[in-house]
Structures are given as structure tokens and as C-alpha cells.
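A quick write-up on the structure given underneath.
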Amino acid sequence: MTGRLIINGKDAWTTWGVFLEEGSYGRLLSGDSVKPYTTNESRSIDGVDVWIKDPRLEARNVTVVVCFAERSESFIYRYNSLISELLQGRMQGNRRIPNSFNVPPIGKNFKFIYNGNTNLTQSNMAIGKVALRFFEPNPADR
């Protein structure tokens, strides 16, 4: 499990005992939408002129589920530590920038802003999973 998910330079498995739920790669890779094309609906032409030169991607929202394996550290401690890391983002100089969400198996390094989480489930305060919601401001910057 080591080396499959790196969050802000920290191995997610080693640091928090988390891994991506099955199906997460598909959620990470899908959902890119193109911004609306520039059009001209002038009365002087039939139909509409569409300029398709240089299409651009829209920002997107992504939900990824991470699972917590059983570890000697408590589930609550690891959960709080992960959420704290995501809330802080990364520092570049004296400025906070989006989280680095590097997924080597698919060769992508996403830049996500943490938007919260949903569907926290746990069993005996030892294992669990949570759906993390992110905003990706620039899908072309991976």
C-alpha cells in the first residue's frame, strides 16, 4: 500500500493508514468538462457560428473515498490528523496553495482544495472510511 497515494508529500498509508477505496481512480479521472464555446448567433447568418479553437476545461468538484486500516494509533487520531492536513493545504513561501494529491498508479498529481467530508463510517473505532470532497480549480494543471 505504500507509495499509492501521497498527500502534500506524505505517504497516506505510512502517515494515516489510509488507502483509496476501489473505484476511486475512475472518480479521479472522470468528470472533466469543457467550458462553453464562444458563439455568434447574429441575425445576419443562418444557424450559429462556433469557435472551437483552444478549448478550456472547467473547474470541477470531486469526491474520493479513503479507507482507514486498523493501526495501533486510534482511528479518531488518524482521522483528525488527515482532516487537519487537508484543511491547512500546502505552504509556498508565505502563501497557502491547494493540497497535492499525488496518485502514482495513474500517473497524476491533482491540486485539490478541501471542501469537507461526508459519509464517515467506522467500526469499533479501529477501521473506517470517509468520503472527502474537493474542488479542483484547474484540471489542466495536473
Side-chain angles (χ1 to χ4, degrees), residues 1-43 45 47-142:
M1 296 287 194
T2 302
R4 295 174 150 273
L5 175 62
I6 313 297
I7 300 172
N8 296 338
K10 299 174 184 173
D11 187 282
W13 177 253
T14 309
T15 308
W16 301 285
V18 300
F19 58 94
L20 292 172
E21 181 182 61
E22 187 174 332
S24 291
Y25 294 161
R27 283 195 277 316
L28 287 168
L29 292 172
S30 64
D32 289 343
S33 296
V34 177
K35 286 183 176 181
Y37 294 103
T38 303
T39 61
N40 178 6
E41 294 191 56
S42 172
R43 177 90 174 109
I45 62 171
V48 63
D49 278 337
V50 180
W51 287 273
I52 58 173
K53 182 182 177 188
D54 208 17
R56 300 293 183 182
L57 297 175
E58 285 188 328
R60 70 180 185 138
N61 291 303
V62 180
T63 300
V64 178
V65 177
V66 295
C67 303
F68 288 81
E70 190 166 4
R71 289 279 177 94
S72 58
E73 303 93 15
S74 79
F75 167 78
I76 293 298
Y77 171 79
R78 292 180 294 134
Y79 167 79
N80 287 335
S81 175
L82 174 61
I83 299 305
S84 176
E85 178 74 27
L86 295 173
L87 281 169
Q88 291 176 31
R90 294 180 299 149
M91 291 299 289
Q92 187 174 54
N94 61 355
R95 186 175 146 232
R96 293 218 179 270
I97 60 173
N99 293 291
S100 170
F101 207 82
N102 187 4
V103 189
I106 59 175
K108 299 285 183 186
N109 185 24
F110 301 90
K111 294 175 179 87
F112 288 150
I113 297 171
Y114 179 67
N115 269 352
N117 65 72
T118 59
N119 301 330
L120 173 65
T121 59
Q122 55 80 32
S123 176
N124 294 328
M125 301 306 280
I127 61 173
K129 66 181 182 177
V130 64
L132 303 171
R133 293 180 292 123
F134 297 104
F135 175 67
E136 186 177 21
N138 184 1
D141 184 22
R142 293 184 184 154

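As the structure is a computational prediction, the values presented were derived from the model and not from experiment.
Rounding to the nearest 0.5 Å gives a distance of 5.5 Å between CG of Leu82 and CD1 of Ile7. In this structure, the separation between CG on Asn80 and CZ on Phe75 is 9.0 Å, given to the nearest 0.5 Å. Leu120 CG to Phe68 CZ: the interatomic distance, rounded to the nearest 0.5 Å, is 8.0 Å. The CG atom of Leu87 sits 12.5 Å away from the CD1 atom of Ile113 when rounded to the nearest 0.5 Å. Taken to the nearest 0.5 Å, the CD atom of Glu70 stands 6.5 Å off from the CD1 atom of Ile127. For the atom pair Leu29 CG and Ile106 CD1, the distance stands at 4.0 Å (nearest 0.5 Å).
The two residues Trp13 and Met1 come nearest to each other via the heavy atoms CD2-CB, 3.4 Å. A pairwise comparison of heavy atoms in Pro105 and Gly3 identifies CD-O, 4.5 Å as the closest pair. Closest of all the heavy-atom pairs between Ser24 and Val64 is OG-CG1, 4.0 Å.
Residue Ile45 qualifies as enclosed at atom CD1: its count of foreign heavy atoms under 6.0 Å is above 12.
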Which donor-acceptor pairs under 3.5 Å do side chains of residues 132-142 form with protein atoms, sequence neighbours excluded?
from, atom 1, to, atom 2, distance (Å)
Arg133, NH2, Asn115, O, 3.3
Glu136, OE1, Arg60, NE, 2.4
Glu136, OE1, Arg60, NH2, 3.1
Glu136, OE1, Arg142, NH2, 3.1
Glu136, OE2, Arg142, NE, 2.9
Asn138, OD1, Ala140, N, 3.1
Asp141, OD1, Lys111, NZ, 3.3
Arg142, NE, Pro139, O, 3.2
Arg142, NH2, Asp32, OD1, 3.0

Candidate pair Ser100 and Ile6, rule side chain to side chain contact (heavy atoms under 4.5 Å, CB included), full reasoning: CA-CA 8 Å; Ser100 170; Ile6 313 297; over 6 Å; no

Can Val48 and Tyr37 be said to form a side chain to side chain contact (heavy atoms under 4.5 Å, CB included), step by step? CA-CA 11 Å; Val48 63; Tyr37 294 103; over 6 Å; no

Applying side chain to side chain contact (heavy atoms under 4.5 Å, CB included) to Leu20 and Leu28, what does each step give before you reach the verdict? CA-CA 11 Å; Leu20 292 172; Leu28 287 168; 4.2 Å; yes

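The closest donor-acceptor contact from the side chain of Arg90 to the backbone of Ile97 lies at 3.5 Å or more, if one exists at all.
Exactly one residue among Tyr114, Phe112, Phe110 makes a ring-ring contact (aromatic ring centres under 6.0 Å, His included) with Phe101. That residue is Phe112.
Geometrically, Arg56 does not engage Trp51 in a cation-pi contact, judged by NZ or CZ lying under 6.0 Å from the ring centre and within 45° of the ring axis.
Evaluation of the side-chain hydrogen bond (donor to acceptor under 3.5 Å, both in side chains) rule for Tyr25 yields Arg4 as partners, not counting sequence neighbours.
Residue pairs meeting the salt bridge (charged side-chain N to carboxylate O under 4.0 Å, His left out) criterion with at least one partner in residues 7-26, sequence neighbours excluded, are Lys10-Glu85, Glu21-Arg27, Glu21-Lys129.
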